[in-house]
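Have a look at the structure below before the remarks.
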Amino acid sequence: MRILKFGGSSISTPDRVRHVAGIIAREAEQNNVGIVVSAFGGITDLLIEAADAAAIGDDRYRVIARELRERHESAAEELAGAEGLVAVRSKIDAILDEFDDRLHGISLVGECSLRTRDSVLSCGERLSSILVAAALEAKGVAAEACDARNLILTDSNYGNARVDFEVSFERINAHFAEAERVQIVTGFISRDKDSETTTLGRGGSDFTAALLGAALSASSVEIWTDVDGVMSADPRLVTQAFSLPSLSYDELMELSHFGAKVVYPPTVRPARTHHIPLLIRNTLNPGFSGTRIVERSEGNGHPVRGISSINDIALLRLEGDGMVGVPGIAKRLFGALARREISVVLISQASSEHSICFAVEPASVESARIGVEAEFELERRDGFVNDLVIEKDFSVIAVVGEAMSQIPGIAGKVFSVLGENGVNVRAIAQGSSELNISLVVDRRQEARALNAIHDAFFPELAPSAAGRAAASKIPVAILGATGTVGQRMIAWLEDHPWFTVKEVIASEASAGKRYRDAVRWLLPTAMPPDVGDLVVQTLDASVKSPLVLSALDASLAGPVEPELAANGHLVVSNAGAHRMRADVPLLIPEVNPDHLGLIEKQPYQKGAIVTNPNCSTIGLVLALKPLADAFGLGSINVVTMQAASGAGFPGVSSLELIDNLVPFIGGEEEKLESEARKILGRFDGHCIDTADITVSAQCNRVAVLDGHTVCVSLGLQSEANSNDIIEAWSSFSGQPQHLGLPSAPLKPLIYDHSPLAPQPRLHRLAGRGMAVTIGRLRPCAILGHKFVLVSHNTIRGAAGGAILAAEMSVAQSVVAGLAPPAKVEN
Ligand code: ADP
Ligand code: ASP
Ligand code: MG
């Protein structure tokens, strides 16, 4: 007898179910087989979502119920043969009706107990087993669905029940002794002694297969999934991951305990104890032998076999002077956690015994806090032990390999490669078996850490420096790609070391055309050819790139940008729509990088909106910032002379501007006055306390192509002479310069002593258009000081400024998973 288990990923569509039925039919011809199936791909998650929605009275549960019914009924139509269809439909309809009733019940009582949840979840496997059996019957293989609740007895620990092996093994044997058809057994589900449905933990179908295999002394238990067996790392995170032909039970345990979802950890024990070979195979590549799990690692010349990770854990730390040298602290701490059934992922204690650090799943944090604080109540009251320190958003990375224990320097290599790649390690733990080194890193650096370690230990597979650099650039979508600012963004990003333009989005009129045909290219430099080849999409197309640079009109940006952020994108916008929103940073990276902290207040789970100020505000505020810091600002009077390119193309009619000046730019004066106060305001960790300054602005459009000139008069709170002020400007730099961001000018402010400086034509391209040139500092009879500045309105004032803001946001990892690509050695 062989036990074959097919996971949800192998049966996510009727086509795949048919394919699996083909595999089963072939195997059943040669051997006696028992089959275990999971729910169809994604169904268990959907069931949980429905139960949660029903419990809070959210009607979405009805939508999910309908989706569930449609998906299974149409699968029945596709899979069951004509004779079988009526019977199959009545079986699945009975389960779907039961599901509807249960959800209705949950919505009436307004809560879903773990017990009820388990019976809701059982529907997924019960439905899939019936449909897989039907697909086999349609192929002429005698098969029947088997409800594992009649076979597996557990305790009543709903959601993660413990199995009574003895009784379950007896029942399994009794059932299979009688069975004449191929049994399609539901994975994951079981029953307690009161006949209530229980489940074996997420991913538990693997465990069901091992239980069956152990009970029936199967010749093998095969876990069929959607990848080529157990791989050296999760292939979704590490593109270079490769399949491992063999792996020891211990290695598999460690990898799966630390997140390699490919096998559910409890699966290993019954297989190992009963000496049943465990194989991991690929449904999509059935000819491939996959991974065989063996008693002792066979080694492949690499000390490290695999690297896995758990994406979201919390780090908790108990510390206090009263812990040093006092025996029993650890016992009490972990006893308190155990009593609350909290599973501890990792423990690390410094030898000073001053603190014990441990990692748990985020869902257990609150319970851990209550348990630990109660346990140490007396010590806390006397000040011997401090409040539990809780930090979230970490990942645990585990480096696993039996041969690691014989080779010195593995841990050193792991840490040095992480250091070289800018990954900060927050905690470490190594089992004394030296089978596993685990480290805790910032969640946003997980993929980078995994790839860096993988490349270091499997250097022959590491891509070439150039390949890695190209592959690791962050894909960018440009919204409003055909406009003046969109074009500047595209030109600026040519050969950018971090970002690469993958999507261009513009109005209906351009949609479907190649960018080169859709755009009227206005820049003096050539259009980047690969962008020219991209097909322009419309705004309603679903944007894929994680980073979105928006050069939209404010009216369009209003609804679109929040939607994109809600979909997980980092949106860096040059549009005015959200600049003054209380939870949106209005960023000049040299001036207020700390305002990025506002992103935590945004309502998006993963994405975020960051905005770039108005084109004239940027030059002005850059010049004001060092003066604000050194002398304090008083009143500010500003007169701008703004270039025609700021009005877009064709913008202001040329006839209006020749021999003329237009003393009005809609909304501009108000923007200058309000934005400067927000940018120079103080972020107190919650909101921006706007700067107490008064700005009066007058804005004019002049016949200059690019470059805004701003004449400023201002008062300072403390005495300053010209030299002091010029020194403040000349020595000014900010985080972009310290971090060496790709678009940061070496010097953001340049003072030019020439009496004729600055002029747009001469100075707008200072620092590649990213620096502001200031000149003509002189006394002002009314306010104290006056000067003139020039800054490039579509580079620093728009495209370049937005890109620098994007670089800053990425450097600060404000959105999970978006970090600067690792540095590559050439
Ligand atoms: P199934 O639906 O078949 O149970 P799972 O989604 O539970 O499949 O597990 C398979 C997935 O596990 C793979 O698609 C892969 O992304 C992930 N995975 C994580 N780590 C590893 C690893 N080291 N080797 C193989 N797969 C891994
Ligand atoms: N369907 C269950 C889950 O998604 C069990 C499994 O797939 O193994 O967790
Ligand atoms: Mg699984």
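Just so you know, ligand 1 is whichever comes first in the structure, and atom 1 is the first atom listed for that ligand. Here the structure is a predicted model, which means the values were calculated and not measured.
The pair Asp164-Lys193 does not count as a salt bridge, with every side-chain nitrogen at least 4.0 angstrom from each carboxylate oxygen. With respect to Asp192 and Arg162, no salt bridge is recorded, no charged nitrogen being found less than 4.0 Å from a carboxylate O. A salt bridge does not link Arg115 with Asp118: every distance from a Lys NZ or Arg NE/NH1/NH2 to an Asp or Glu carboxylate oxygen is 4.0 Å or more. In this structure, Asp206 does not pair ionically with Lys261, as no charged nitrogen and carboxylate oxygen lie closer than 4.0 Å.
The backbone N or O of Ile307 lies less than 3.5 Å from no partner atom in the side chain of His454, so there is not a single donor-acceptor pair.
Side-chain atoms of Asp455 and Gln240 form no donor-acceptor pair, as typed in the model, at a separation below 3.5 Å.
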Mind listing the N or O contacts between ligand 1 and protein, cut-off under 3.5 Å?
from: ligand 1; atom 1: 2 (O); to: Gly8; atom 2: N; distance (Å): 3.1
from: ligand 1; atom 1: 2 (O); to: Ser9; atom 2: N; distance (Å): 2.9
from: ligand 1; atom 1: 2 (O); to: Ser9; atom 2: OG; distance (Å): 3.1
from: ligand 1; atom 1: 3 (O); to: Ser9; atom 2: OG; distance (Å): 2.9
from: ligand 1; atom 1: 3 (O); to: Thr225; atom 2: OG1; distance (Å): 2.8
from: ligand 1; atom 1: 4 (O); to: Lys5; atom 2: NZ; distance (Å): 3.2
from: ligand 1; atom 1: 6 (O); to: Lys261; atom 2: NZ; distance (Å): 3.1
from: ligand 1; atom 1: 8 (O); to: Thr225; atom 2: OG1; distance (Å): 3.2
from: ligand 1; atom 1: 14 (O); to: Asp226; atom 2: OD1; distance (Å): 2.8
from: ligand 1; atom 1: 14 (O); to: Asp226; atom 2: OD2; distance (Å): 3.4
from: ligand 1; atom 1: 16 (O); to: Asp234; atom 2: OD1; distance (Å): 3.0
from: ligand 1; atom 1: 16 (O); to: Arg236; atom 2: NE; distance (Å): 2.8
from: ligand 1; atom 1: 16 (O); to: Arg236; atom 2: NH2; distance (Å): 3.2
from: ligand 1; atom 1: 23 (N); to: Met231; atom 2: O; distance (Å): 3.0
from: ligand 1; atom 1: 24 (N); to: Met231; atom 2: N; distance (Å): 2.8

List, for ligand 2, each N/O atom that has a protein N/O partner under 3.5 Å away, with both atom names and the distance.
from: ligand 2; atom 1: 1 (N); to: Thr44; atom 2: OG1; distance (Å): 2.7
from: ligand 2; atom 1: 1 (N); to: Glu125; atom 2: OE2; distance (Å): 2.7
from: ligand 2; atom 1: 4 (O); to: Thr44; atom 2: OG1; distance (Å): 3.3
from: ligand 2; atom 1: 4 (O); to: Arg202; atom 2: NH2; distance (Å): 2.9
from: ligand 2; atom 1: 7 (O); to: Ser38; atom 2: OG; distance (Å): 3.2
from: ligand 2; atom 1: 8 (O); to: Gly203; atom 2: O; distance (Å): 3.3
from: ligand 2; atom 1: 8 (O); to: Gly204; atom 2: N; distance (Å): 3.4
from: ligand 2; atom 1: 8 (O); to: Ser205; atom 2: N; distance (Å): 3.0
from: ligand 2; atom 1: 8 (O); to: Ser205; atom 2: OG; distance (Å): 3.0
from: ligand 2; atom 1: 9 (O); to: Arg202; atom 2: NE; distance (Å): 2.6
from: ligand 2; atom 1: 9 (O); to: Arg202; atom 2: NH2; distance (Å): 3.4
from: ligand 2; atom 1: 9 (O); to: Gly203; atom 2: N; distance (Å): 2.8

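When each of Val440, Leu346, Leu439 is tested with Ile428 by the rule side-chain contact (heavy atoms from CB on, under 4.5 Å), just one qualifies, namely Leu439.
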I'd like to know whether Glu73 forms a salt bridge (charged side-chain N to carboxylate O under 4.0 Å, His left out) with Arg89, so could you lay out the CA-CA distance, the side-chain angles of the two residues, the decisive distance to 0.1 Å, and finally the verdict. CA-CA 7 Å; Glu73 286 183 348; Arg89 276 203 72 144; 3.4 Å; yes
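Between His274 and Phe165, the gap from one ring centroid to the other reaches at least 6.0 Å.
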